[in-house]
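Notes follow the structure.
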Number of protein chains: 2
Amino acid sequence: MPQTEIATVIDHPPADILSVAARCFEERGYDATSIDEVARGVGATKGRVYHHFRSKADLFAAVFRSGMAMLSEAVEPILERDYAPVEKLRRLASAHTRTILSTKAFQRVVWEGVEMHLRGATTPGQREALDALARARNTYGEVFRPVMEAARRDGMLDYPNPSVALQLFLMTLNSPVIWYSPREDETEADRERLVAQTVDFAMAGLGERKAMAA
Amino acid sequence: MPQTEIATVIDHPPADILSVAARCFEERGYDATSIDEVARGVGATKGRVYHHFRSKADLFAAVFRSGMAMLSEAVEPILERDYAPVEKLRRLASAHTRTILSTKAFQRVVWEGVEMHLRGATTPGQREALDALARARNTYGEVFRPVMEAARRDGMLDYPNPSVALQLFLMTLNSPVIWYSPREDETEADRERLVAQTVDFAMAGLGERKAMAA
DNA sequence: CGTTGACATCATACTCAGTAGTATGTTCCA
DNA sequence: TGGAACATACTACTGAGTATGATGTCAACG
């Protein structure tokens, strides 16, 4: 794989470093996480980390992008399909939330990245880097908007301000990264129930018309 | 006021330090905020801050408790009143969210405190302090539960797992501390609309039965 | 009524630990 | 043999916490 590395601009970031870094950032937060800590986590030293990443911020960005990629990958196949808007939105939300739970460490880092971006204060240097990440995140979020709006035009959803609605919707789907912590004896069915309840809450929040039974 | 200070165990924490600290923590986060920064914010030096607070964590805790007090104060009068459960829950949610917006800096700190608590990793010393804060926060949150459950028994709400429902509910109401940022020309009516939409989303999320018009 | 002394309230000037980043080896493989 | 992939051993700096000094205020006392 190394060979001459013909301009593989997307260098192969070692997966072990990424996952350990994700877990560190998840458990301690960006500032409280030290590079040495990450290095120990992979059974190495700073040297290895700094050989693959220019800086701590760069490592963070890599984990962030990795997490975003997981989300995009999970959602993409649904976007191409041809569902009715409400149905499509619901499926998107389910896939999203399921991925949130199954890749929690990475998604927690994405969350922190968003938080860091929304905080005003950072050095101008970090700012543009954070803006780039936030743009990617925002672009992803905007994927939901047209589907949501189409469903509203169908009379299947009901909300006043679309931007606020989208914020609340995504916030709800993402919130498990904060409060969800899998129990020991947690089954697959348990997790799926959690996904269902979260998605139901979010869809209902958008004013989803109940399917009048009988 | 100083006199002999007859066991006023609740020392008078200077309000200016608290509010400046709240804004610093809001804008930079706990780790990135330095005591010197807070001191400069109030036109003083470290000496003043450390005279009133034993440590940075202590200052943070004071801001946290202050924020919690604001919420409790806003919600208390409604708790005493005698509304139908759904109506009561809605009013509680409105008062809560309104306070979230009007005291955003403090509430952002409360949020970070919760996040810090939910992260596994901290030194045993900080842990018990954080646990104490989280307990206070949790006690407050639990105030909503019986009202919510009563409303469900009335058939006015519908959700499977109460704990998850409460999490999603509170998360929704609190989420503005993250993404809300008042515009220049924002009117009181604008803000009230935002409160309304947020509360509507949260209540609908709990499966609130629509009042069938006509 | 002036003095004194104790204490609260701060400012100044340090110490010291942790950590991001770097400079320089060392090893191993194609 | 040259370069990729690391390890080691630094540097430099930030920032929490402390020790100590300066200032004012009030209360009791002579």
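Sequence lines set the chain letters: A, B, ... in the order given, protein chains first and strands last, and positions in each chain run from 1. All values below were derived from every heavy atom in this structure, side-chain atoms included, with hydrogens, water molecules and symmetry-related copies excluded.
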Nearest-angstrom distance from the residue atom CZ of A/Phe53 to C1' of C/dA20:
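Distance, rounded to whole Å: 16 Å.
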
Of all residues at least two apart in sequence or in a different chain, which pass the salt bridge (Lys or Arg N to Asp or Glu O under 4.0 Å) check with [X]?
X	result
A/Glu142	A/Arg145
A/Asp58	none
A/Lys88	none
A/Arg98	A/Glu192

Please collect all ring-ring contact (aromatic ring centres under 6.0 Å, His included) contacts where either partner lies in residues 91-139 of chain B, sequence neighbours excluded, each pair once.
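Counting only pairs at least two positions apart or across chains, the ring-ring contact (aromatic ring centres under 6.0 Å, His included) contacts touching residues 91-139 of chain B are B/His96-B/Tyr140, B/His96-B/Phe144.
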
It should be established whether B/His52 places a side-chain nitrogen or oxygen under 4.0 Å from OP1 or OP2 of nucleotide C/dC10.
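Looking at the OP1 and OP2 atoms of C/dC10, one of them is under 4.0 Å from a side-chain N or O of B/His52.
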
Verify the contact: side-chain N or O of B/His51 to OP1 or OP2 of C/dC10, cut-off strictly under 4.0 Å; return yes or no.
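For B/His51, the contact criterion (side-chain N or O under 4.0 Å from OP1 or OP2 of C/dC10) is not met.
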
For DNA chain C, the residues among residues 15-48 of chain A that have a non-hydrogen atom under 4.0 Å from it:
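Residues of residues 15-48 of chain A that come under 4.0 Å of DNA chain C are, in numerical order, A/Thr33, A/Ser34, A/Ile35, A/Lys46.
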
